[in-house]
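Have a look at the structure below before the remarks.
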Amino acid sequence: MWDREQPLRPNMDFAEIFAPGSNSFRQEDWEILSQFWHPLAFSHEIRGDPVSEKLLDMNLVIYRTSHGITVARDLSLYKGTRISSGKMDNDYLICPFHGLRYAYQGYCMDRPAFSLITFESKEHCGIVWTRLKRNREYPLPNWAFLDSDQYIPVFIPSEIWKASASRHVENFNDVAHFPFVHASTFGGEEGDPFPIYQVRNEPFGLSFELPYTEVGNRFPDGRPDLKDRQVVYRYQLTFPFSTCLEVDVQGSDFLHVILDTVCPRSARESKIFQILTDNSGELNAELWLDDAVAINSEDRPLVEAQTPEDVPLDLREEVHIPADRFSLEYRRAMSNKFGLGAPISS
Ligand SMILES: [Fe+2]
């Protein structure tokens, strides 16, 4: 019988996990990031056989039994093989090497001493989240839109970008690039000035809003007569890497919502999860899927080409303009609130 409700070793030390040099993060940053909840996969992707993912340079296996989701280190304690290449059989994950059976929460039915190292996990907003440590109680993003039948979700196929999670977050929350990078999709006129906006500190995040004029009309809200659209963008960041962007379309009561969160697979590689929705109650999934794919394909090569790859937390290292207020506040918060990128203590 499986009887494990708690992770076997939820507070492993960094030194227990990585051989020297096998981790791409600064050790101090890894310790801090390991305490946040991070997205690993869409819930609907964890159905049949186990799925392999990576978080903070650690290989993980995710599998579903009738008792729920299990997230474990992708490592058999017997002979050290990766078990994500195994199969599910009657509620058990079968190790591909010697056929050991693993139940919910990694319990090894055949040799309990070989039970998997498991981590806490939750399913929230259609996403599987996990945290490697539980020293602190950091919240998940509160995306209440998805509780309403009116807001039908479209899950955009996730992509792995060769960029740090912070670089993606800064780009997603940046407005200054719209006229240049997104000229083919929704970007406005190059000469339009950006209003000075204020970034507000929230209990566990940052928020700001600003008006914008999109060239073209991508909104199915019964106003095909309008060639450009006045919108108000409302951004709500939840630390460290999750953003809700509401696009409040003027001229109708249409509200378009983009939910974006990032799994830091390594210091230079991120998995992007996006859920799109609107308040129409009869969402056009194909429309928003095509929109997201087009916009992301415009952003991705530029974000992947940014140097340095890590977001510099020393604010003097990059030149900023007024439209960069979010980046400035984000970097300040990541450093001051959590200690990310802080000088290494001797
Ligand atoms: Fe963009």
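Read the numbers this way: they start at 1 and go in the same order the structure lists the ligands and their atoms. Numbering of residues begins at 1 and proceeds along the displayed sequence. Keep in mind that the numbers below use all heavy atoms, side chains included, and drop hydrogens, waters and symmetry copies.
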| query | Got a sec, which hydrophobics cluster with Phe145, joining ILVMFWY side chains under 4.5 Å apart, including via others? | reply | Trp37, Phe42, Ile127, Trp129, Leu140, Trp143, Leu146, Tyr151, Phe155, Leu255, Val257, Leu259, Phe273, Ile275
| field | Between Tyr92 and Tyr102, ring centroids under 6.0 Å | value | no
| request: Can you sort out the partners of Arg101 under side chain to side chain donor-acceptor pair (under 3.5 Å), two or more places apart, ordered by chain and number? | output: Asp110
| message | If we ignore hydrogens and angles and just use 3.5 Å, is the side chain of His98 paired with the main-chain N or O of Cys95 as donor and acceptor? | response | no
| field | Aromatic contact, Phe172 with Phe241 (centres under 6.0 Å) | value | no
| Other ILVMFWY residues reachable from Val181 by side-chain steps of under 4.5 Å | Leu302
| note | Within the 2.8 Å cut-off the protein N, O or S neighbours of the Fe ion (ligand 1) are His177 NE2, His182 NE2, Asp299 OD1, Asp299 OD2
